[in-house]
Structure formats: C-alpha cells, structure tokens
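Only one structure is covered here, and it is reproduced in the block below.
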Protein chains: 2
Amino acid sequence: MDDPSFPLDAKLRASKILQSCGGQSLGSYSSSQGVSCIRENVAQYIMQRDGGIPADPDNIYLTTGASDGIASILKILVSGEEKSRTGIMIPIPQYPLYSAAISELDAIQVNYYLDEENCWALDVNELRRALYQARDYCNPKVLCIINPGNPTGQVQSRHCIEEVIHFAWEEGLFLLADEVYQDNVYSDNCKFHSFKKVLYEMGPEYFTNVELASFHSTSKGYMGECGYRGGYMEVVNLHRDIAAQLVKMLSVRLCPPVSGQAAMDVVVNPPKPEEESYNRFIREKEAVLSNLAYKAKLTEEIFNQIPGIKCNPLQGAMYAFPRIFIPDKAIQRAKELRMAPDMFYCMQLLEETGICVVPGSGFGQKEGTYHFRMTILPAVEKLKTLLQKVKEFHIKFLDEYS
Amino acid sequence: MDDPSFPLDAKLRASKILQSCGGQSLGSYSSSQGVSCIRENVAQYIMQRDGGIPADPDNIYLTTGASDGIASILKILVSGEEKSRTGIMIPIPQYPLYSAAISELDAIQVNYYLDEENCWALDVNELRRALYQARDYCNPKVLCIINPGNPTGQVQSRHCIEEVIHFAWEEGLFLLADEVYQDNVYSDNCKFHSFKKVLYEMGPEYFTNVELASFHSTSKGYMGECGYRGGYMEVVNLHRDIAAQLVKMLSVRLCPPVSGQAAMDVVVNPPKPEEESYNRFIREKEAVLSNLAYKAKLTEEIFNQIPGIKCNPLQGAMYAFPRIFIPDKAIQRAKELRMAPDMFYCMQLLEETGICVVPGSGFGQKEGTYHFRMTILPAVEKLKTLLQKVKEFHIKFLDEYS
C-alpha cells in the first residue's frame, strides 16, 4: 500500500477486490458465479446506468468474456427431448459467435434481416416474418439482439426496443441482448438504451414475464481489455430450477478467470470525482471515445466518396460494414476460383495492399449484396492512409473487372 | 524495469512475455492457440521433462485451465453422424468433469473400474472388459486416464502405462491423459511418467499412430494458481484437418485468458540456477511439495487407525479417498431420507463438525462401497485437528447406527 507509483484509490480498490478473494489472491478459485463483491458492484453499476431500476447480484454471473456467457445461456436453453428442433433467431449480418454456437449445439439458426436501407435498423415486421416462417420447421425459443450492432454498428432506438420486447412477450421468446458495445455510441442523435431498463419501464406485465439475459464485457468500450477475458451477464425471470442447472453447468469449468473478474470490477466501479485517479480516468476515457467517434465519422465519409461503396453511418460499436459493388466479371472470376465474391475481393485487397478486412459472407448478408467489415481501431493517421489505399484499390478493382 | 521489489530475472521474464503480446499488454487478444513464445516454452518444458523427446509448439494449445482443454478435445471427438453413439471410457472413481462433459455432449459414458484392493491401480484386463461390453451398445472412441489419479491419488507405473498405450494402439482408441498432478507425487516408490514419453520410447509403430492429448494446468502442482485459469494441452497424431477444425472451434471463444497463459509460462519456464530468484523458488517449491508429502502420509496413517475406515496410500495428487464402512442402520436411515448413504454420512459430518468432504457417489464407486474425498491442503496443525474430528465423528456414527 505504500508504493507511490499508484494512486491511493486504485490501491484501495485492488485491496478490496483481493479481500473478497480466497487467500486474498487472484490465484484462488472463486465461486462459479463469480466473486460476490464484484457481482454486487456489477448490480450497482446496472442500477446507476438504468436510472435506479434495481439489479439483483444473484442474477449476475461473471463470465470468461461475453462469448462464454452467450454460449452458456444458449446451451442451457437448447436442451430437453426436442433440443435439435430449437430455433434461435439471430440478426443477419451477425457476429459469427452466434452461428458457431448454434451449430455446435445442433440447434436451428433462424435469420432475421436488418434493414440496410434504413441504417441497419431492426424491423419488427421482419422479426415476425422470420418467426412465423420458422415455426413451419422448428420451435423458435430465443431471440438474439446485438445492440449496438456488430458488424453493422447501428444503435437501436428506444421505440424499436419497446417493439422488440413486446414481440418477445407476445410470442414467448427468451430475449438475449448482446450489449457489449454499450459505451461505444458515436452519433449525436443516438443513445444507448439497455433492454433491462426498457423492459422495466414497460411495466410489471413485461418485467415479471419476459426472460432476458444481457451481456457486457471488458473487451470493448473505452477499455478494450480483451486479453483478460472478463464479462458478465444479468439474467432476469429465469426459472429458479433452470438457474440452478445453469450454475451447475458453469461449475464444471470451476470459475471464470479471477483476473478477468477484477478487470470487470474496474469497469463497473470506475474512479469517483473525489478520488485521485478521477481526472486522469475521465481524460483518458473521453479521449478514447471522442477519438473513436471522430474515426467513425471519418470512415463513413471517406467510404461514401468512393464510387461503388456505400456505407451507413457508424452509429456505434467499432466497425464499418460498407456495401461494395462487385462487377459481374469479378463475380465470374471468383466463381472460377470457387470463392465467395466478397472473399475474392478481400483476398485481392490483402494481397495488393496488405490490408486485412473480413468478407461480409462471414457475417451473412442479403443474397446478391457484398460487404466487408473493417475496424476503426487504427490510429487516425494510419486509418487515413488505410482508407486512401482501400479507395485506390477499389477504383482499380472496378476498372480491372468492368 | 528499475523497481527494486522484484528480482531482475522475474522482470526480464515478464518483459519477454509482454513483448510477445499484442501492444505489449496482457489486455490484448492472443492467437486462439495461445501466445507463440509461451507455446515454445511449453514445448521446451515437455522436451526437458521427457528426457529430450521432441515436442512441437504447433501441437501445443494453451487453454482456460485443463478443464477447458479436456472439454474441447472431447467435443471435437464426439462429432459426425454417429456422435450420440460415441463412447468415452473413463475411470471410476473419476473427476466429475468427465461425466459432466460426456453428458453435455450426449455421448456415452463407458466406465472402467480402478482396483481399490491394489492401491487403485488401473488393470488392462478391466479396460478390455469395459471396452468389449461397451461395443454392444456404442462406439467407444476415447480412453481417458487420470494420472496421478483424482480422486484416488494413485500414480501409474511405467509398465501399466505401456500396457495402456498398447491397448489403445490395438483397439484404435484416442488417448486422453489428464496429467495435471504431474508434480504431485509423494510415495518414494512412485515416479511420474508422462504418456508422451512412454509412447515415444515404445517406438515408431506407436508414436506415429497412437493419437494422444495430454493436459497440464497452473492450478495444481506446487503453484496452485487456479484463479488464473491457465493450462495447456499437447496433441500428437491428430489429423491435420481435425486440428484445423479444433483451432476453428477454439477461435469462437477468441483466446484463453492471457494472464493465465503468462502464469503457464512461469510454470514451464521456472528460474534457472544462475538466476537471482532461483534459491527462493527452489526453497518454496520444495517446502510446498515436502509439506504435501508429509500430509499425504499423515492422512493415510490417521485414517487407517480409525475402525471402519480404510485408506489406500496417497501416492500423488491432493486428495484422500478413504473407503468408509457405513452400518446397515445408517443405510436404512439414508434411504428414508432419499439420500445416497455416503451423502448422508457427509451431511452428518458437516452438520456435526463443520467439515465439508465430498461423497464418493459424486465420483462413482463400486456398488455397495462408500467413500469420501478430502483434500490434504489445510495446514498441518489444522489437518491434524480435522482428522481427529473425523475420527471422533466416525466412531460416534458407528456407535449410533450399529
């Protein structure tokens, strides 16, 4: 405690976490649900974030990153005799964790399409279409939402969230809200609304009935501490017997990494105004977020200057997912090479410029449309150079294949 | 690097690990298979442990503790059309990770019994019996070995390992060697032999054919750093296409916690004689291991002084798994309470003394025999008190129910 290289409040925070750990060490197993004082801090964080709506530490599960939590909840929901008929509704484009987890569980992937023409917004009519069609061949039980979107970067409006919750209530679907980008909202006209908050504000008919699991992570936001594999989920209205099975299942893996749990604690319990670290923390946090916001805008603008590329606003998250026009001759060439056309495009880009982006076919996209996902994480100058190179490549590519 | 509170070699080691991490930070994702310099150190460690037999860093996968590695390998082996007919052979008694993972995968658990009369040794004839009987109703593909044993604490002889490997070769079984207690061997007449080493010493007919995955962890040994969730597996003779699928599957969870990877590095790359930390390291390591050896002997001796308790030598690992005699009247009482008799015994022990041990029925045991598992981790004086209390309880229990 007398090391001058750390501010006092950081040392006190570390000491408080350690006191809650077995043998006062991050090297001890914690309970399978996570260190209790950290779960309490998570509940406190959620309550503050959601304007005072209560959160119960018993509903909080610390996880090995959000991915682990999502996979665990899906596993517990895909069970019983009819498990291989269980349908899981996911957005298209989606983050491929979902399709992979569904495939591992031998469950059935039910796609609903986000509306690219409308900034990748979620349309409840499209949810309804997907659900009703899927009922012909499976039993859809879970509705997955990614907000802010990955790879699409849209931020859902409050109205849209209300519609989704009403739909889940009406149709008896378990809601899974992947909210790991909750701190990454850039557009001035967008705001993050948690599903939990909206659910409670819709009244008791909803908040006592709709089953909801929502996820957060240390890997995104302004912190990006992904190597520690920290995350949590809050699960509400899960039947007590199922919750007991969930804990039993989690306990097979003993516990999430305690260092990741500690990182999660730091995220949900940041320095307060009266504390020594506060100014530095706020300065760094705001610098990171405003820098990302600047790059989000810059990326959208530059992409939209390129003929044959169309990019929706990057309202949130960390990615651009521009639509790219691929000429028929290039599609033909890709077919000859037995490649998806956007994979061919991305491989060409990689080979000619050294820039690595992920083809849209890895995330799913409407047939006949092509995209790629690119992060906006590189430093501004590097990002500018990179976008310039993509521009030159794209123009050359169009030229070559038209 | 100029902080005087850490020895120079520790700082150099930390700096080397950080240099291999993205952004020189444990907070970055690593590759899904783990940080490459750590995988190289693991391979080096295995080579030294195994008297120079080579290990390939490409065969090393860093994992979120050994449990995660074991579950991943089982998942990749239980696949294809006929997956629900896949049999996995496990020892009884077993560490319940195995039964839980098999049940999660909807695979079939094939029990082979360890020989309690013979210090819990593995008998190849019993393996053969279990395999041949299982072939009537499933397709046994994997043979799991826990050496040193958990919960049974036996250490396999070299001869026994040779027989097991020959059996696996003959029957075309995938060998899964859980060797997380490789540093925890206490009996003077026992030595740890790795399956990998014995496999190679049996000659090319074996080492080019038998598929083997072996596991290690930061959670056991003399270090016990379980909260970091560090581990590795070495997989040999896995078909290239399957290895590619394994990496793909692991990549869904991004990467194991990088702090756990770093902890694994420290385990496989300990201080060398010429380094500043060496003396302290050796002193601590030997103190921990000789203390465990003393407690292993002590526990065996005290248990065997109690009428109605019989305890095999604790040759390795961290547990006693004594056989307990439960009188008929107590078995009757347990039945009335709808409890397994050993569960009833353990609950009584807990209520009367505050001591928590795990009933043998949680690990599996021959019908009509009863056991419990107890760790030998408490400090010597505490352990003595604890054993004395178990003794008094047991005598009273026998008295009450006979």
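Note that this is a predicted model, so its numbers are computed, not measured. In what follows, chains carry the letters A, B, and so on, assigned in the order in which the sequence lines appear, proteins first and then strands, with residues in each chain numbered from 1.
Neither the backbone nor the side chain of Pro96(A) comes within contact range of chain B; no heavy atoms are under 4.5 Å apart. Using a 4.5 Å cut-off between heavy atoms, Lys248(A) makes no contact with chain B at all. Interface remark: Ser219(A) contributes side-chain atoms only to the contact with chain B (heavy atom separation under 4.5 Å). Proximity to chain B (any heavy atom under 4.5 Å) is shown, for Ser30(A), by neither the backbone nor the side chain. Proximity to chain A is limited to the side chain of Tyr95(B), based on heavy atoms less than 4.5 angstrom apart.
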Would Thr86(B) and Glu82(B) satisfy side chain to side chain donor-acceptor pair (under 3.5 Å), going step by step from the backbone distance to the final call? CA-CA 7 Å; Thr86(B) 306; Glu82(B) 290 273 280; over 6 Å; no
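Here Lys83(B) pairs with Asp106(A) in a salt bridge; the nearest charged N to carboxylate O distance falls below 4.0 Å.
Looking at Glu40(A) and Ser36(A), their side chains never bring a donor and an acceptor atom within 3.5 Å of each other.
Between chain B and the residues Val252(A), Val258(A), Leu97(A), Leu26(A), the largest count of heavy-atom pairs under 4.5 Å involves Leu26(A). For chain B, the option among Ser5(A), Cys226(A), Pro257(A), Ser103(A) with the highest count of heavy-atom pairs below 4.5 Å is Cys226(A). The candidate from Asp68(A), Leu254(A), Thr64(A) with the greatest count of non-hydrogen atom pairs under 4.5 Å with chain B is Leu254(A). Among the candidates Ser28(A), Ala263(A), Ser25(A), the residue making the largest number of heavy-atom pairs closer than 4.5 Å to chain B is Ser28(A).
Judged purely by atom type and a 3.5 angstrom limit, Lys295(A) has no side-chain atom pairing as donor or acceptor with the backbone of Leu383(A). Lys382(A) places no side-chain N or O within 3.5 Å of a backbone atom of Leu377(A) that could act as its donor or acceptor partner.
Of the inter-residue distances, the one linking Leu386(B) atom CG with Thr375(B) atom OG1 reads 8.0 Å to the nearest 0.5 angstrom.
The environment of Met223(A) atom CE is dense: over 12 non-hydrogen atoms of other residues, nucleotides or ligands sit within 6.0 angstrom.
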